[in-house]
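One structure below.
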Amino acid sequence: MPKTSKRAATRRAEKIARAHATKLPEAPAPKRKEKRGPGYTPPKRGLARYPWAITLTILIIAAAIGAMYYYKIGPFAPPKPQPKTAAVSPCLKVVKQLTDSSPAPTGAAFNKIQHTYKAPPAMSINTNKIYCAGINTNRGLIVVELDPKLAPETVNNFVFLAQHHFYDGLKFHRVVPNYIIQTGDPKGDGSGGPGYTLPAEPVKGNYTAGTVAMAKPASGTANNGSQFFICVSDQPAKELTKSYNLFGHVVQGMDVVKKIQGPGDQPSQKNITPDVITHLVVVTAP
């Protein structure tokens with residue numbers, strides 16, 4: 001370490017003494033709050049300075065809410081209706097049992113089928129159950145759900161005739177595009193039936209696409225005992241008055257219904273070769 005001279009030591013001591021002798025600057029005194037006189041109101045800040053703007057904003061919001069409530073939009077919009085899920089017909093579970101792909105009866109076999117009866121059949125069905133009909137045609141299968149609650153006498157008659165093969169080999173003797181397809185006449189010209197007529201039953205429903213109802217023979221006004229039609233499309237009351245026993249509806253095969261061909265009401269349609277029912281099978285729904 002180098003030796004410090006007395007003069008350097010003296011200078012250092014004087015410098016230290018001067019530093020200790022220097023006064024530090026005093027901290028500024030805190031400002032005192034100015035006392036306000038009585039009745040003093042502090043100035044308003046923010047939106048409070050514009051009361052008209054607040055009022056206008058509230059009015060705009062209220063008008064918007066009122067408009068949404070009046071027109072039922074936004075949070076006031078009614079809930080969207082949920083689409084109704086169509087009930088699955090029990091007849092769709094027995095399609096295999098309703099299918100008969102064998103050819104239609106030959107002429108000799110057709111002539112052996114009984115097509116004439118003295119009176120309507122006695123009630124033999126269970127009116128608390130659903131019945132399923134498989135109308136097998138040369139165009140494909142039409143599955144029909146038969147509901148005795150719609151017309152018990154008519155369903156009972158249809159089931160009886162089907163079980164006795166009455167409909168096997170019958171023609172679609174009347175086909176009107178976008179209107180109906182009609183069959184069930186053993187004569188094949190719209191004038192025949194089973195030898196009896198059915199009483200009229202109240203029509204519980206509308207003649208919508210796929211509706212199955214009894215037809216009236218061309219020879220009279222009474223409800224027929226075997227002829228029936230299927231609506232190809234919805235039919236208003238002015239086209240079809242509620243005087244045809246409605247007893248079922250198509251649950252599968254509307255595409256087949258629309259393909260069925262046969263003689264129509266117009267002269268140019270009279271020579272159309274009619275399609276046929278090869279077999280009509282009926283079973284009780286599971």
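As a basis for the values below, the full set of heavy atoms in this structure was taken, side chains included, without hydrogen atoms, waters or symmetry mates.
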Quiz prompt | Side-chain donor-acceptor contact under 3.5 Å, N138 with D275 | solution = yes

Exercise. First locate atom CG of L98, then atom NZ of K93, and finally report the distance between them rounded to the nearest 0.5 Å.
Key: 14.0 Å

Self-check item: Joint cluster assignment, M254 & V256, ILVMFWY side-chain distance < 4.5 Å
Solution: yes

Exercise. Please answer whether the main-chain N or O of Q269 pairs with a side-chain N or O of N271 as donor and acceptor at a distance below 3.5 Å.
Key: no

Self-check item: Passing candidate, side-chain contact (heavy atoms from CB on, under 4.5 Å) with I135, options I260, V143, V282, I230
Solution: I230

Exercise. Might you point out which heavy atoms bring L198 and G225 nearest each other, and give the distance in Å?
Key: CG-CA, 4.0 Å

Quiz item: Please walk me through it: do S102 and H279 pass side chain to side chain donor-acceptor pair (under 3.5 Å)?
Solution: CA-CA 8 Å; S102 61; H279 298 280; 2.9 Å; yes

Quiz item: With hydrophobic residues grouped by side-chain heavy-atom distances under 4.5 Å, do I272 and V175 end up in a single group?
Solution: no

Quiz prompt | Intermediate values then yes/no, side-chain contact (heavy atoms from CB on, under 4.5 Å), L240 and C231 | solution = CA-CA 10 Å; L240 273 177; C231 291; 4.0 Å; yes

Practice problem: Hey, could you give me the CG/OG distance between N178 and S233, rounded to the nearest 0.5 Å? | Solution: 4.0 Å

Exercise. Check whether more than 12 heavy atoms from other residues, nucleotides or ligands sit under 6.0 Å from atom CG of N111, and answer yes or no.
Key: yes

Quiz prompt | Derivation of the side-chain contact (heavy atoms from CB on, under 4.5 Å) call for Y244 and K216 | solution = CA-CA 8 Å; Y244 304 93; K216 295 180 180 180; 3.8 Å; yes

Quiz item: Does the side chain of V232 reach to within under 4.5 Å of the side chain of K258, using non-hydrogen atoms?
Solution: yes

Quiz item: Is Y70 reachable from L59 through a run of hydrophobic residues whose side-chain heavy atoms are each under 4.5 Å from the next?
Solution: no

Self-check item: Where P90 and I130 come nearest, the two heavy atoms and their spacing
Solution: CG-CG2, 4.4 Å

Quiz item: Does any N or O in the side chain of D185 come within less than 3.5 Å of the main-chain N or O of K187, such that one atom is a donor and the other an acceptor?
Solution: yes

Quiz prompt | Shortest non-hydrogen separation from P263 to P274 and the atoms involved | solution = CD-CB, 3.8 Å

Quiz item: Looking at side-chain heavy atoms only, is the closest gap between L246 and V212 below 4.5 Å?
Solution: no

Quiz item: Can you name the closest pair of heavy atoms from L280 and A133 and give their distance?
Solution: CD2-CB, 4.2 Å

Practice problem: Please answer whether the main-chain N or O of P194 pairs with a side-chain N or O of T116 as donor and acceptor at a distance below 3.5 Å. | Solution: no

Quiz item: F229 and Y179: aromatic ring centres closer than 6.0 Å?
Solution: no

Exercise. Mind jotting down which residue pairs meet the side-chain hydrogen bond (donor to acceptor under 3.5 Å, both in side chains) criterion with at least one end in residues 145-166? Sequence neighbours excluded, please.
Key: S89-E145, S124-N156, T154-E201, T154-N245, N157-Y196, H165-D168

Quiz item: So, do V257 and I181 sit near enough that their side-chain heavy atoms are less than 4.5 Å apart?
Solution: yes

Quiz item: Is there a side-chain contact between P186 and F166, using heavy atoms and a 4.5 Å cut-off?
Solution: yes

Exercise. Is it possible for you to check whether K242 lies under 6.0 Å from the centre of the six-membered ring of Y207, through NZ or CZ, and within 45° of that ring's axis?
Key: no

Self-check item: ILVMFWY cluster, V94 and L141 together (side-chain gap under 4.5 Å)
Solution: yes

Quiz prompt | Side-chain heavy-atom pair N136, T99 within 4.5 angstrom cut-off | solution = yes

Self-check item: Nearest heavy atoms of K204 and L150, plus distance in Å
Solution: O-CD2, 3.4 Å

Practice problem: Would you check if I142 and Q252 make a side-chain contact, meaning some heavy-atom pair closer than 4.5 Å? | Solution: no

Practice problem: Give the cluster check for F172 versus V276: same hydrophobic cluster or not, with ILVMFWY residues linked at side-chain heavy-atom distances below 4.5 Å. | Solution: no

Quiz item: Hey, is NZ on K112 packed in by over 12 heavy atoms from elsewhere, all under 6.0 Å?
Solution: no

Quiz item: Do you know the tightest heavy-atom contact between F247 and A151?
Solution: CB-CB, 4.2 Å

Self-check item: R139 side chain reached by Q261 side chain, heavy atoms, under 4.5 Å
Solution: yes

Practice problem: Find the distance between NE2 (H173) and OG (S191) and round it off to the nearest 0.5 Å. | Solution: 8.5 Å

Self-check item: F228/Y167 aromatic ring centres below 6.0 Å
Solution: yes

Exercise. Mark yes or no for whether T183, through its side chain, and K171, through its backbone, hold a donor-acceptor pair below 3.5 Å.
Key: yes

Quiz prompt | Audit row: T278, T137, side-chain contact (heavy atoms from CB on, under 4.5 Å) steps and yes/no | solution = CA-CA 5 Å; T278 54; T137 76; 5.7 Å; no

Quiz prompt | Near-ring test Y117/F160, centroid separation under 6.0 angstrom | solution = yes

Quiz item: Are F110 and H115 an aromatic pair by the rule of ring centers under 6.0 Å?
Solution: yes

Practice problem: Please report the C-alpha distance between Q227 and R174 in whole Å, then the side-chain angles of each, then the deciding distance to 0.1 Å, and finally whether the side-chain contact (heavy atoms from CB on, under 4.5 Å) criterion is met. | Solution: CA-CA 11 Å; Q227 291 190 38; R174 184 185 180 214; over 6 Å; no

Quiz prompt | Euclidean distance, L146 CG relative to K129 NZ, rounded to 0.5 Å | solution = 14.5 Å

